[in-house]
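Structure, as structure tokens:
Note that the numbering runs from 1 along the sequence shown for the chain.
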Amino acid sequence: MYTKHKWNSEKHFNFNYVKYLPKDFDPEKKYPLVFFLHGAGERGEDLDIAMRYGYMQKVRDEGAEYPFIFIGPQCPYTKYWGCYTESLIAFLEDMIATLPADEDRIYLTGLSMGGTGTWMLAMACPEKFAAIAPVCGSGIVWYGPVLKDIPIMVYHGDQDTIVPLQESVNMVSKINSYEGSDAQLKICHHVAHDAWDVAYSGDELWKWLLSKQRKSE
């Protein structure tokens with residue numbers, strides 16, 4: 001089961017967040033870390049609502065277990081992840097420093113508003129992530145090339161009327177226009193805005209994420 005926490009910082013926004021540790025967690029080992037950004041409907045002060053979709057919903061409702069550390073902060077009402085880029089970076093850096101996280105296996109994913117947040121946060125600090133997985137989010141196409149060295153898996157429903165599929169098509173196309181890039185788009189057919197039900201079901205995505213390691217500089 002995940003646990004609920006409050007991050008305290010004098011310089012940055014103090015996120016409420018969820019932490020999940022693998023079964024038989026050993027603090028002497030190093031683990032991959034999945035950093036998750038929820039959607040607009042999960043903002044507020046209730047961390048159970050923040051985790052009503054995705055891997056922690058599977059943990060809570062289905063008893064699922066995963067071989068990675070999971071960290072999920074919560075965004076306040078009326079705000080969006082882009083308001084907190086510097087704070088998110090500082091928060092993530094603190095999680096990496098205080099948990100036995102493998103710095104070459106840090107992954108970023110998020111849905112809807114969190115999918116957009118995934119694009120934005122990865123663009124702000126691409127050197128931190130081994131791979132990212134935006135789900136039904138909108139990107140910043142002109143700045144997409146900064147992500148050309150990061151493996152990317154994108155999920156988007158072809159019937160999405162909230163964030164059109166073309167947003168993901170444009171991002172993936174722009175990134176892949178650069179040699180050596182690895183951005184993949186999984187179009188979820190007959191799916192509306194809830195592409196997260198496809199992305200986070202089963203083990204396809206998390207196994208893909210964990211197969212990637214940060215490139216050496």
Side-chain angles (χ1 to χ4, degrees), residues 1-22 25 31-66 68-101 106-125 128-129 131-140 155 162-163 193-201 205-206 209:
M1 176 56 71
Y2 59 72
T3 54
K4 303 172 184 178
H5 305 269
K6 177 87 170 183
W7 184 57
N8 294 308
S9 169
E10 294 183 356
K11 297 181 179 179
H12 301 282
F13 181 78
N14 293 304
F15 294 104
N16 294 321
Y17 70 98
V18 158
K19 177 174 70 177
Y20 169 84
L21 301 177
F25 174 76
Y31 292 88
L33 185 151
V34 173
F35 195 61
F36 172 74
L37 302 178
H38 64 70
E42 292 76 65
R43 290 175 291 185
E45 298 181 356
D46 186 333
L47 282 166
D48 288 326
I49 290 177
M51 299 298 118
R52 68 177 173 180
Y53 302 122
Y55 294 128
M56 292 305 100
Q57 181 269 326
K58 305 293 184 185
V59 168
R60 182 181 62 227
D61 299 343
E62 302 174 18
E65 296 178 354
Y66 298 103
F68 51 78
I69 297 171
F70 175 98
I71 297 293
Q74 188 168 32
C75 188
Y77 291 119
T78 75
K79 301 294 185 180
Y80 65 99
W81 289 119
C83 299
Y84 301 106
T85 300
E86 290 185 5
S87 292
L88 284 170
I89 293 171
F91 171 58
L92 176 58
E93 288 176 341
D94 190 48
M95 294 297 103
I96 293 170
T98 56
L99 292 166
I106 307 299
Y107 310 102
L108 176 62
T109 185
L111 61 91
S112 191
M113 181 187 79
T116 301
T118 295
W119 287 120
M120 295 178 70
L121 186 58
M123 289 175 176
C125 52
K128 291 192 179 298
F129 301 108
I132 67 171
V135 179
C136 60
S138 56
I140 305 171
Y155 288 78
I162 306 298
V163 180
H193 191 52
D194 53 348
W196 50 81
D197 287 339
V198 177
Y200 300 118
S201 65
L205 176 56
W206 70 258
L209 288 169

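Salt-bridge annotation for Glu93 and Lys128: present, with a side-chain N of the basic residue lying under 4.0 Å from a carboxylate O of the acidic one.
Across every non-hydrogen atom of Thr85 and Gly82, the tightest pair is OG1-O, 3.5 Å. In plain terms, the two heavy atoms of Ile140 and Met123 that are nearest each other are O-CE, 3.4 Å. For Ala101 against Ile106, the heavy-atom pair with the smallest separation is CB-CD1, 4.2 Å. Contact record, Ala124 with Ile89: CB-CD1, 4.1 Å, taken as the closest heavy-atom pair. Minimum interatomic distance between Thr78 and Arg43 (heavy atoms only, all atoms of both residues): C-NH1, 3.7 Å. In plain terms, the two heavy atoms of Gly115 and Pro134 that are nearest each other are O-CB, 3.7 Å.
Of the inter-residue distances, the one linking Leu21 atom CG with Thr3 atom OG1 reads 6.5 Å to the nearest 0.5 angstrom. Here the CH2 atom belonging to Trp196 is positioned 5.0 Å from the SG atom belonging to Cys136, to the nearest 0.5 angstrom. Between the CE atom in Met113 and the NZ atom in Lys79 there is a gap of 12.0 Å [rounded to 0.5 Å]. With rounding to the nearest 0.5 angstrom, the CE atom of Met1 is 9.5 Å from the CE atom of Met56. To the nearest 0.5 Å, the span separating CG on Leu108 from CG on Leu121 amounts to 5.5 Å.
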Inset, instruction - In sequence, state the C-alpha distance, the side-chain angles, and the governing distance for Tyr155 and Thr109, and then conclude on side-chain contact (heavy atoms from CB on, under 4.5 Å). - result: CA-CA 11 Å; Tyr155 288 78; Thr109 185; over 6 Å; no

Inset, instruction - Kindly determine whether Leu88 and Trp81 satisfy side-chain contact (heavy atoms from CB on, under 4.5 Å), including the steps that lead there. - result: CA-CA 8 Å; Leu88 284 170; Trp81 289 119; 3.7 Å; yes

Inset, instruction - Applying side-chain contact (heavy atoms from CB on, under 4.5 Å), run through Trp7 and Asp94 and close with a yes or a no. - result: CA-CA 9 Å; Trp7 184 57; Asp94 190 48; 2.8 Å; yes

Inset, instruction - Start with the C-alpha gap between Leu99 and Lys19, add the side-chain angles, then the distance that decides, and say whether side-chain contact (heavy atoms from CB on, under 4.5 Å) holds. - result: CA-CA 10 Å; Leu99 292 166; Lys19 177 174 70 177; 4.1 Å; yes

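Among His38, Gln57, Glu42, the single residue meeting the side-chain hydrogen bond (donor to acceptor under 3.5 Å, both in side chains) criterion with Arg52 is Glu42. Results of the ring-ring contact (aromatic ring centres under 6.0 Å, His included) test with Tyr55 over Tyr107, Tyr200, Phe36 single out Tyr200 as the only residue that passes.
Proximity of a side-chain donor or acceptor of Thr116 to a complementary backbone N or O of Ser138 within less than 3.5 Å is detected. A donor-acceptor distance shorter than 3.5 angstrom exists from the side chain of Ser87 to the backbone of Phe13, with no hydrogens or angles considered. Listed for the Gln74 side chain is a donor-acceptor partner under 3.5 Å among the backbone atoms of Asp46.
Ring pair Tyr31/Phe25: centre-to-centre distance below 6.0 Å. The aromatic ring centroids of Tyr17 and Phe91 lie less than 6.0 Å from each other.
Ring geometry, Phe15 versus Tyr84: the interplanar angle exceeds 60°, so the pair is classed perpendicular (tilted spans 30 to 60°). Ring planes of Phe68 and Tyr66: parallel class, angle under 30° (limits at 30 and 60°).
Val135 places none of its side-chain heavy atoms less than 4.5 Å from the side chain of Thr118. Side-chain contact between Val34 and Trp206: absent, with no pair of heavy atoms (C-beta onward) separated by less than 4.5 Å. Within the 4.5 Å cutoff, no side-chain heavy atoms of Lys4 are placed close to those of Asn16.
In this model, a donor atom of one side chain and an acceptor atom of the other lie less than 3.5 Å apart for Tyr2 and Asp48.
Applying the 6.0 Å contact sphere to NZ of Lys6 captures more than 12 heavy atoms from other residues, nucleotides or ligands. The 12-atom threshold is exceeded at CD of Glu62, counting heavy atoms of other residues, nucleotides or ligands nearer than 6.0 Å.
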